[in-house]
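Quick note: numbers below take in every heavy atom, side chains included, and nothing from hydrogens, waters or symmetry partners. Below, chain A is the first sequence line, B the second, and so on; all start at residue 1. Values in this document were obtained by computation on a predicted structure and should not be read as measured data.
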Amino acid sequence: MSLRKRIEETVENYIRKNWKVDKKIVFEKPKNPDYGDYALPLFILSRLKKESPEKIFQEIKKVVEEEFKGYVEELNFLKGFLNLRLSYDALISNLKEILKKKENFGKADTGKNKRVNLEFVSANPTGPLNIANARAASMGDTLANLLENAGFYVEREYYVNDSGNQVKVLEKSLNARIKELKGEKVEFPEDGYPGEYLVEIAKEIIEKDIKNPVEYAVDKILESQKESLLKIGVKFKNFVRESEIRKNRKVEKVLEKLKKHTYEKEKALYFKSTEFGDDKDRVLIKSAGEPTYFLVDLAYHLDKIERGFEILIDIWGPDHHGYIGRMKAGLKALGFENFEVLIAQQVNLKKGKETVKMSKRKGIYYTMDELIEEAGKDAIRMFMLLKSFESPLEFDIELARKTGVENPVYYLQYMHARCVNVRKFAEEKGITADSFEGRYLEGEDERKVLVMLFYFKDILEKSAIFKSPHLLPHFLLELAGVYHSYYQKKRIVGDDIKVSRARLALNNACEYIIKKGLKLMGINAPERM
RNA sequence: GCGCCCGUAGCUCAACUGGAAAGAGUGCAGGGUUGCGGACCCUGAGGCUGUGGGUUCAAAUCCCACCGGGCGCACCA
């Protein structure tokens, strides 16, 4: 457990025991680094205890100082805040921990190996993946990495909608292409999929004399989707097919379980989802006798639960937000509430100042493959991760393919390359960080770096808990800024061997942290650029 | 008409989930003379957080109304 968390819990326990009050204590990063390394607003505690913030401060100060002597250099009171400054001992023991654990530094057991099913992308198997899928892929994969790092057991899952309407449309489109190729005159279906890829598949079907064209096409498309995903560095553990869910009678099963919450109206079977928080009741079985998409999807989610997952997380596109209510209601009726939907907002493509208009109907859209070809995996993941889930994002292709300062991904990679270079330079001179002495790092410039390294655990923890992968790249950019600045100010490998060793320790810790951060984001950490 | 998301520096975005004087990057203006990589560093200008009310000791953050952008509102998936 991190030192920060230990202090927080100590204060929590103290308040519970002595004030008989349950209050979560959360340290913040102070507005101004001069105040300290951690801050705690005392206003709420002050109200709870009906005493002045200053008095509260004195009380907490005593507790913390008793328990964490040596780790805390200073506690001060300012405008209602408690500010805490870490000691160099604390900072340097953190540094040592990084050097010792390297890529394993920051791993936590908060997840207690709980089983998480993270479903994302889940595009229809009717065409190539697009840029919105690239966003979902980048964010989903990174979130999975973060959760794993926090001690959860995570399976990345992709749902394949290989039955239902869109597959029928695919079939119509495909048949039209086949007929075209055979020289017959046909009108291409208006709502069909006009992309070139279907022509290619149609050709293969004719050449190989495939018996079941749609099935073949779905498999083909799914395979190419998988390839695209691998190109962007995402590997799914499970691909679950809708047809399997139907075939395994999961639909009947979920229907049975929901039976007492249903009624019939105009020959259709309704689920009383309003009883579970939805704004209207939903059809499960259409009057024609077929299950709705919702019912099958519910069956699929029941299947996830039956596979032993304790936490379900879905990442959906913005066009599905109206669907959250009924899904939650359905799962609640099944007795499962640990279900969360993250909406990955839309991506607008730009080329410099020009907006790239996309139209599915006209078949004009940027595929993920095209984007990868133009901008590269690393830049895409960086840009996709920089924004929080809820905010729509402008993706500037021109910017992403630039290899200069404007492109933040290089700023991070450059830091890594620089760290490695310094370490190797030192090694050639026979200098290592092995027996460094912390007292040579007790300067303000060094302290800035040490504190950033100390914050890394907080970021890992927070980005996992709040499911906010965007916190990570923002942190790394700040770390890189501090590192580059330090590098500029202080020579790392110099004449004094003891000073060199100590600074090298700092350098190497930076290397491991940036490397780990980039890895979590699925971005390469090159040693040379 | 109803619901959801967004609106923060010229541009792209943060802001620890209600906390201190709203921060980065880019762009713009200027600067950095042996040495570990100049894809770097330093300085500066740039803001009524869309508008108007409210709640609070404290609001970019919560509530109400309005303006603007996006998306939903199916016995489609």
**Report entry** Step-by-step ring-ring contact (aromatic ring centres under 6.0 Å, His included) determination, A:Y455 to A:F475
**Finding:** CA-CA 9 Å; A:Y455 285 152; A:F475 168 81; 7.5 Å; no
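A:K286 has a side-chain polar atom (N or O) that falls below the 4.0 Å cut-off from OP1 or OP2 of B:rA77. Not one side-chain nitrogen or oxygen of A:Y411 sits closer than 4.0 Å to the OP1 or OP2 atom of B:rG38. For B:rA77, neither phosphate oxygen OP1 nor OP2 lies less than 4.0 angstrom from any side-chain nitrogen or oxygen of A:T292.
Here A:F425 lies in heavy-atom contact (under 4.0 Å) with sugar-phosphate atoms only. Residue A:L385 is classed as having no contact, given no heavy-atom separation below 4.0 Å to the nucleic acid. Heavy atoms of A:E266 sit under 4.0 angstrom from at least one base atom. A:D319 comes within contact range of the sugar-phosphate backbone alone, with a heavy-atom separation under 4.0 Å but no base atom that close. Within 4.0 Å of A:R528, counting heavy atoms only, lies at least one base atom of the nucleic acid.
A donor atom on one side chain and an acceptor atom on the other are not found under 3.5 Å apart for A:D314 and A:Y159.
Rounded to the nearest Å, the gap between the P atom of B:rU34 and that of B:rG30 is 23 Å. Nucleotides B:rC28 and B:rU33 have their C1' atoms positioned 27 Å apart, rounded to a whole Å. Rounded to a whole angstrom, the distance from the P atom of B:rU43 to that of B:rA24 is 10 Å. Nucleotides B:rG38 and B:rC5, compared at atom C1', are 43 Å apart to the nearest Å. B:rC13 and B:rU8 have their C1' atoms separated by 9 Å, with the value rounded to a whole Å. Comparing B:rG19 with B:rC64, their C1' atoms sit 24 Å apart, to the nearest whole Å. Comparing B:rA74 with B:rU12, their C1' atoms are spaced 38 Å from each other, to the whole Å. Taking the C1' atom of each, B:rA9 and B:rG50 are spaced 15 Å apart, rounded to whole Å.
Nucleotide B:rU51 is matched to B:rA65 when pairs are restricted to Watson-Crick or G-U wobble geometry with both distances under 3.5 angstrom. Across all strands shown, B:rU43 is found opposite B:rA29 as a Watson-Crick or G-U wobble partner, with both distances under 3.5 Å. For B:rG38, there is no paired base (Watson-Crick or G-U wobble, both distances below 3.5 Å). Checking B:rC71 for Watson-Crick or G-U wobble geometry (two distances, each under 3.5 Å) identifies B:rG3 as its partner.
At whole-Å resolution of the value, CZ in A:R246 and C1' in B:rA77 are 10 Å apart. Atom CG of A:D34 and atom C1' of B:rA20 are 13 Å apart (whole Å). Regarding A:R418, its CZ atom lies at a distance of 13 Å from the P atom of B:rG35, rounded to whole Å.
For A:N32, whose side chain is taken as the heavy atoms from C-beta onward, the closest listed nucleotide among B:rG19, B:rA21, B:rA77 is B:rA21. Taking only side-chain atoms of A:V26, from C-beta outward, the nucleotide of B:rG38, B:rU17, B:rC57 with the closest atom is B:rU17. Between B:rA15, B:rC13, B:rC75, one nucleotide has an atom nearer to the side chain of A:A268 than all others, and that is B:rC75.
Every residue meeting the salt bridge (charged side-chain N to carboxylate O under 4.0 Å, His left out) condition with A:E374, not counting sequence neighbours, appears here in chain and number order: A:R401.
Less than 4.0 Å separates RNA chain B from at least one heavy atom of each of the following residues of residues 480-489 of chain A: A:H484, A:S485, A:Y487, A:Q488.
With A:Y487 as the aromatic partner, A:R418 meets the cation-pi criteria of under 6.0 angstrom to the ring centre and within 45 degrees of the ring axis.
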Query - Contact pattern, 5' to 3', of nucleotides 5-10 of chain B - B, S or - by protein heavy atom under 4.0 Å - result: SS----
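Less than 6.0 angstrom separates the ring centroid of A:F43 from the ring centroid of A:F81.
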